[in-house]
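Working notes, beginning with the structure itself.
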Amino acid sequence: MTPQYDHRAIEEKWMERWKEQGAYLSVQDPDRPKKYVLVMYPYPSGPAHMGHVANYSLGDVLVRYYWRTGYTVLNPMGYDAFGLPAENAAISEGSHPATWTRDNIELISLDLKRLGYAYDWSREISTCDPEYYRWTQWFFLKMYEMGLAYKGDAEANWCPSCGTVLANEQVLPDGSCERCRAVVQKKWLNQWFFKITQYADALLDDMELLEDWPERVLTMQRNWIGKSHGAQVDFTLESTGEIIRVYTTRPDTLYGVTFFLLAPEHPLVDRLVEGDAARREEVAAFRERVGGVSSFERTAQGAEKDGVFLGDYVVNPVNGERVPVYTANFVLIEYGTGAVMAVPAHDQRDFEFARKYDIPVRIVIQPPDGELSPDGMTEAYEATGTMVNSGDFDGIPSDLGFEDVCDLLESRGWGERAVNYRLRDWLVSRQRYWGAPIPIIYCDSCGTVPVPEEDLPVLLPEDLDVRRDGRSPLPLEKSFYEVECPRCGVEARRETDTMDTFVDSSWYYFRFVSPHDDDGPFDVEDAAYWMPVDQYIGGIEHAILHLMYSRFFTKVIYDLGLIDFKEPFSRLLCQGMIIMDGAKMSKSKGNVVTPGDYIDRLGADTLRLYILFLGPPELSKDWNDQGVEGARRFLSRVWRMVQERYVALLSQGEFASGVDEPRHRAMRSLTHRTIKNVTRDIEEFAFNTAVSFIMELVNGIYHYTSDGDVDRDVLGEAVEAAVNLLAPFTPFICEELWQALGKHGSVHQHPWPAFDEELARPEEITLVVQVNGKVRDRIAVPSDISEAEMEAKALACENARKFIALKEVRKVIVVPGKLVNIVV
RNA sequence: GCCGAAGUGGCGGAAUGGUAGACGCGCUGGUCUCAAAAACCAGUGGGGUUAGUCCCCGUGCCGGUUCGAGUCCGGCCUUCGGCACCA
């Protein structure tokens, strides 16, 4: 053992040795329960960053802890390796997405290895590997067979200068293209979708199974799905007599309809103004304003209401009234039916529209307190109340009226109860190169033909030039798109769109259970053994998309009959961000610190320890450079503790014996209390306080060995516990110290230390004496003191007496083992 | 606007309704040294003080419940995240 803590030598040595020993391979073991711990795999855009360290260190503590408490553990790692950044980097750096991606995988995997994470590297996967995306394509085919993948028209973000569709995330808040800053347009394109809406209710209802998910994530998903209850109502167009159906969540306000709205894209709009040149022009100008160039402003906050009267009327089924039909900017074609009954008195948007275009406002709900009048209103009244101006329903509470009106609609055939969702189908096509090709062939005579399973994978040609303008080279590559129709053999054309990378990541946790399986996406029995993931860890930024897509995929896989569970992640922990000086680390702010630098200078153990000590996992954590030095100082202190305070004493043989004496007993008590506290805190993910307790133990050992006799066994127990407890946090130094303590085998395979409840209880406690709730004295007493004795001691102590003085003691409250409050 | 989280020393953060500020950073003093660094030891919320194992104040603000509130309840303020015309 060297006198100085040499992190470089230790970490290099154990990194090599663990690798040689295959120390962290996962094995199925019928004698032990299993844990599948998974931290969201990274997108390889360069070396590891601090967010990775925070996430993966957290998972690693759990894995090492589970190992030592009797579990067999699956802890894999892989790369989310398809995606747009690779293409952009390739364009700006003149490289190739494949090269760029694989180079970055090298960089980040080296960092992950240097950080000592206990992954089973034999299970490493990359989503850009044909052996992986072959099965991504297989899932697409299954979805197609099940009717869950379909091609339909969608309004997509189109960048005219890049000539491609953009994902929503690639459009900046001002509606411009992330890469070229051109104004993004909405364009109707024929695209592939996954029918996630078919699973909307399952996604909602199965949240019951997710007891160990953060409530905020469930709330976000619930809002995203946006299920609402209401009714569909049929209005009749006056001119032609045709039915226009609307969806409303407020059938109780049906008598308050004073106008009617169509989305600008609604096909009826053109027909209504067909014969009227002036109106046609008005509509054209309106469309130019709302949809033509950028529809971002239209949906931006507080946008001005805008619309055009279409010259026609509809008839309200419940009261026979005719109301004018408008088209309006705030009506969305994709939600409900694209047509809206407008009730200005009780809907804020309708209210604003009515005021602008001078449309009457009719009150049909009166609030419980006070009376509204149409002229006096400055905003819509959207809450419940008593129905008025509503025919036979007058006087009924509106929440009951909701049901009564629905009954009326259903009995007369005017409409019916209905539910609606905000969730829309998942658009999975991307006009991109660096992604998994969609396994579809278009044939002039057979139509849309899926690629036969045995022809998978549809290989993404990796020898293509990525064009400078950012467009995918696939539609220009004859050798790629020219194929024979698998059905009739004539010349056909291959789909040249690739899949959204969220498809890749929606099932990667299944692949880990059998990463080399050639017969299917995963081995059913291996999945039955390892799945579901017991503990999933990742950033809160994936609260909706990745986590919901994965839940959707799992339900599809369930319906395919491959698994018998419906939710992939039993327990979820969402990490906060690492920030610096109050801001997210980013290159533009120049406040990026790189893990690699710290590993070199201070060691991986120091970095891991510091980042775990920084604060509770779910909150964001402020990086502080001086704090890292502190973590390093602590590890040096642990190093010297073992060397100077234990190993050196052993060789000198300077020991007393006296286990039962108070100072020895106090040391043992601290040791056992620390084991208890650290164990509990790891179970609760309170890693920052777990580290604090270990620090206190180390401080205690320094005191114990500084100021009196030392018992060999008492000291040995304490030092051993410290190394044991610290091992999941800082695996390298602890493995080295374990050897220095003369132990055989790896500390990471050593059973987790047990504690003695009796010893963990301190012999002496501090009795707090309060008078009227204010602390007046503290008395050291034995921990097994009775309540009566506590009261007696409290009443007798001088400081308390001073405050009691001549007043009468009215009440004494005794909290066993803690405090006495004297009320006067 | 709606939903969610959070406001505690100079800083990161601890506190099953029961000693507010554990642990760490920083700072101050001491030991060691020719000196410095490192290390070790001690101190460190603010104010007062007869200097006492003393007193007062103190967890964003205002009220309430309780013997006792950072913690529970009601009402505000601020910050951060998510969603945002979803009928």
Side-chain angles (χ1 to χ4, degrees), chain A residues 4 214-220 222-224 226-228 230 246-250 253 261 263 298-303 305 328-332 334-343 346-350 352-353 420-424 540-541 543-544 576-577 579 582 584 609-610 613-616 618-631 633-634 636-637 640 644 686 688-696 698-699 702-703 706-707 766-779 797-799 802 810-815 817-824:
Chain A
Q4 291 301 312
E215 196 51 47
R216 58 177 167 156
V217 173
L218 296 179
T219 304
M220 281 161 85
R222 222 172 267 126
N223 292 341
W224 186 265
K227 184 177 186 174
S228 67
V246 297
Y247 172 74
T248 178
T249 54
R250 294 295 301 274
T253 63
L261 298 169
R298 176 179 151 197
T299 52
Q301 93 186 74
K305 299 289 172 286
N329 60 344
F330 63 92
V331 181
L332 306 173
E334 61 268 36
Y335 185 78
T337 61
V340 174
M341 61 176 231
V343 185
H346 305 293
D347 182 285
Q348 185 59 26
R349 296 156 299 175
D350 299 346
E352 287 166 26
F353 193 86
N420 231 306
Y421 301 90
R422 184 184 168 279
L423 180 72
R424 300 195 206 119
I540 185 72
E541 65 273 19
I544 297 173
M577 281 184 310
I579 57 178
K584 194 175 167 177
L609 183 74
Y610 174 64
F613 181 63
L614 213 43
E618 61 278 2
L619 299 181
S620 53
K621 288 161 285 253
D622 213 337
W623 181 268
N624 176 319
D625 244 11
Q626 285 173 325
V628 197
E629 305 281 348
R633 197 175 310 156
F634 172 69
S636 304
R637 202 167 143 80
R640 282 194 314 271
E644 295 167 12
N688 55 331
T689 48
V691 172
S692 297
F693 283 120
I694 301 171
M695 287 172 168
E696 283 182 82
V698 171
N699 290 342
Y702 268 87
H703 285 129
S706 297
D707 59 5
T766 306
L767 171 61
V768 174
V769 182
Q770 294 184 337
V771 178
N772 286 344
K774 291 197 177 221
V775 179
R776 294 305 178 189
D777 208 350
R778 299 176 171 93
I779 312 167
C797 81
E798 208 176 305
N799 254 319
K802 224 161 69 188
R810 288 195 304 191
K811 200 169 169 188
V812 179
I813 288 140
V814 180
V815 182
K818 282 234 165 95
L819 107 178
V820 175
N821 188 12
I822 302 161
V823 186
V824 294

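Per chain, numbering begins at 1; letters A, B, ... match sequence-line order.
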Exercise for review: Please determine if a side-chain N or O atom of A:Asn699 lies less than 4.0 Å away from the OP1 or OP2 oxygen of B:rA22.
Suggested key: no
Check your understanding: Which of these nucleotides, B:rC67, B:rC54, B:rC86, is closest to any side-chain atom of A:Asn799?
Key -> B:rC54
Please list each protein N or O that sits under 3.5 Å from an N or O in nucleotides 46-48 of chain B, with the distance.
none

Check your understanding: P atom, B:rG26 versus B:rU33: distance in rounded Å?
Key -> 25 Å
Check your understanding: What residues form a ring pair (Phe, Tyr, Trp, His ring centres under 6.0 Å) with A:Tyr610, not counting sequence neighbours?
Key -> A:Trp623
Study note, to complete from the structure: Regarding B:rG9, purine or pyrimidine glycosidic angle vs 90° from 0 gives syn
Review point. Has A:Arg422 got a side-chain N or O lying under 4.0 Å from the OP1 or OP2 atom of B:rA84?
Key: yes
**Study point:** Of the listed nucleotides B:rU19, B:rC86, B:rC23, the one nearest the side chain of A:Val775
**Key:** B:rU19
Dump every N/O contact between nucleotides 56-60 of chain B and the protein below 3.5 Å, one line per pair.
residue	atom	partner	partner atom	Å
B:rC56	OP1	A:Arg776	NH2	3.3
B:rC56	OP2	A:Arg776	NH1	3.1
B:rC57	OP2	A:Lys774	NZ	2.9

**Study point:** Donor-acceptor contact below 3.5 Å, side chain A:Asn821 vs main chain A:Gly773
**Key:** yes
Practice item. From the options B:rA87, B:rC23, B:rC54, select the nucleotide whose nearest atom is closest to the side chain of A:Lys802. Key: B:rC54
Atom pairs under 3.5 Å: protein N/O with N/O of nucleotides 62-64 of chain B:
none

Practice item. Compare the minimum distances between each of B:rC86, B:rG26, B:rU19 and the side chain of A:Val768, then state the nucleotide with the smallest one. Key: B:rU19
Exercise for review: Please check the phosphate of B:rC41 (OP1 and OP2 only) for any side-chain N or O of A:Arg637 closer than 4.0 Å.
Suggested key: yes
Study note, to complete from the structure: Picking from B:rG82, B:rC41, B:rC67, the nucleotide nearest the side-chain atoms of A:Met220 would be B:rG82
Practice item. Kindly indicate whether the side chain of A:Arg424 and the base of B:rC86 share any N or O donor-acceptor pair separated by less than 3.5 Å? Key: yes
Pairwise N/O distances under 3.5 Å, protein to nucleotides 14-18 of chain B:
residue	atom	partner	partner atom	Å
B:rA14	OP1	A:Asn688	ND2	3.1
B:rG18	N2	A:Gln770	OE1	3.4
B:rG18	N2	A:Asn821	ND2	3.3

**Study point:** Stem regions touching RNA chain B, defined by at least 3 consecutive Watson-Crick or wobble G-U pairs below 3.5 angstrom
**Key:** B:1-7 with B:77-83, B:10-12 with B:23-25, B:26-31 with B:39-44, B:45-48 with B:54-57, B:60-64 with B:72-76
Practice item. For B:rA87, take OP1 and OP2 only and decide whether either is under 4.0 Å from a side-chain N or O of A:Tyr247. Key: no
Check your understanding: Does A:Arg222 have a side-chain nitrogen or oxygen under 4.0 Å from the phosphate oxygens OP1 or OP2 of B:rG4?
Key -> no
Practice item. Report yes if at least one side-chain N or O of A:Arg633 is closer than 4.0 Å to OP1 or OP2 of B:rG26; otherwise report no. Key: yes
Check your understanding: Contact class for A:Arg216 vs. all strands (heavy atom < 4.0 Å): base, sugar-phosphate, or nothing?
Key -> sugar-phosphate
Revision key, fill the gap. Classified by glycosidic angle (syn within 90° of 0, else anti), B:rG13 comes out anti
Check your understanding: Will you find, in the side chains of A:Arg422 and A:Asn223, an N or O donor that is under 3.5 Å from an N or O acceptor?
Key -> no
Check your understanding: Is A:Arg640 near enough to B:rA38 that one of its side-chain N or O atoms lies under 4.0 angstrom from OP1 or OP2?
Key -> no
